[in-house]
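As the structure lists them, so they are numbered: ligands from 1, and atoms in each ligand from 1.
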Amino acid sequence: MHSKQRNTRRRFLSYLVGSGATTVAVSWMWPATSVAQDIDLEELCLKYPYNALCEDYLPGVAALDESDSPYEAAAILSTAQAGDRLPAEGLSEKAYLVIEEGPAIADYAISAVCPHLGCTVDWNSTEQKFICPCHGSQFDETGDVSRGPASSALSLVTVVVKDDQVRLVDRAYTPDRS
Ligand code: FES
């Protein structure tokens, strides 16, 4: 092997070693780089929606109306009234958006899955309650059970309204029901 070739090879090997050392040094000096990649934005942005990392982040999935179009918050609020329950698809199970006084879209939706045996409950706007078509369980407008055989409330789903979008987040919501 010519000395020129050896020198080139040596320079190349030292470049590789140097690169590795540089990478290790950078990782050591700025561990936040890898930490930032590991951050669960869903978790972070639900807790700290005004964090700089969350500026452009939309959590969850779009809530879809009965024609599979994404709900638009302004459009909902131009027609909805407090007490309305709007069916929303998007997650694996149907849920109902809750319209509060204002009107405003509540930060939770009511799951349509009956806790008895899993049928999908219907919202009866006249009686202001959810009724299960399978065995007749009934739930009030907040999802609390009012008639069996179901023995527990409908579960709640987290809702985030951002940039005129209504997002369903597959994450339990625990309200103060006291
Ligand atoms: S599945 Fe709803 S009452 Fe049985």
Hey, is atom 2 (Fe) of ligand 1 within less than 2.8 Å of some N/O/S atom on C132?
yes

Check each heavy atom of S137 against ligand 1 and say whether those closer than 4.0 Å belong to the side chain, the backbone, both or neither.
both

Taking less than 2.5 Å as the test, are the sulfur gamma atoms of C119 and C134 close enough?
yes

When hydrophobic residues are tied together by side-chain contacts of less than 4.5 Å, even through go-betweens, does Y96 share a cluster with V159?
no

Does C134 put an N, O or S atom under 2.8 Å from atom 2 (Fe) of ligand 1?
no

Please state which protein non-hydrogen atom is closest to atom 1 (S) of ligand 1 and give its distance, to 0.1 Å?
L117 N, 3.3 Å

V61, I105: one ILVMFWY side-chain cluster at the under-4.5 Å cut-off?
yes

Show me which atoms of ligand 1 lie under 4.0 Å from any heavy atom of H116.
1 (S), 2 (Fe), 3 (S), 4 (Fe)

Any chance CG of D170 has more than 12 other-residue heavy atoms, nucleotides or ligands included, within less than 6.0 Å?
no

Is H135 close enough that one of its N/O/S atoms sits under 2.8 Å from atom 4 (Fe) of ligand 1?
yes

For ligand 1, which atoms have a heavy atom of C119 less than 4.0 angstrom away?
1 (S)

Any non-hydrogen side-chain atom of V121 less than 4.5 Å from a side-chain atom of I110?
no

When rounded to the nearest 0.5 angstrom, what distance separates CG in L86 from OH in Y71?
4.5 Å

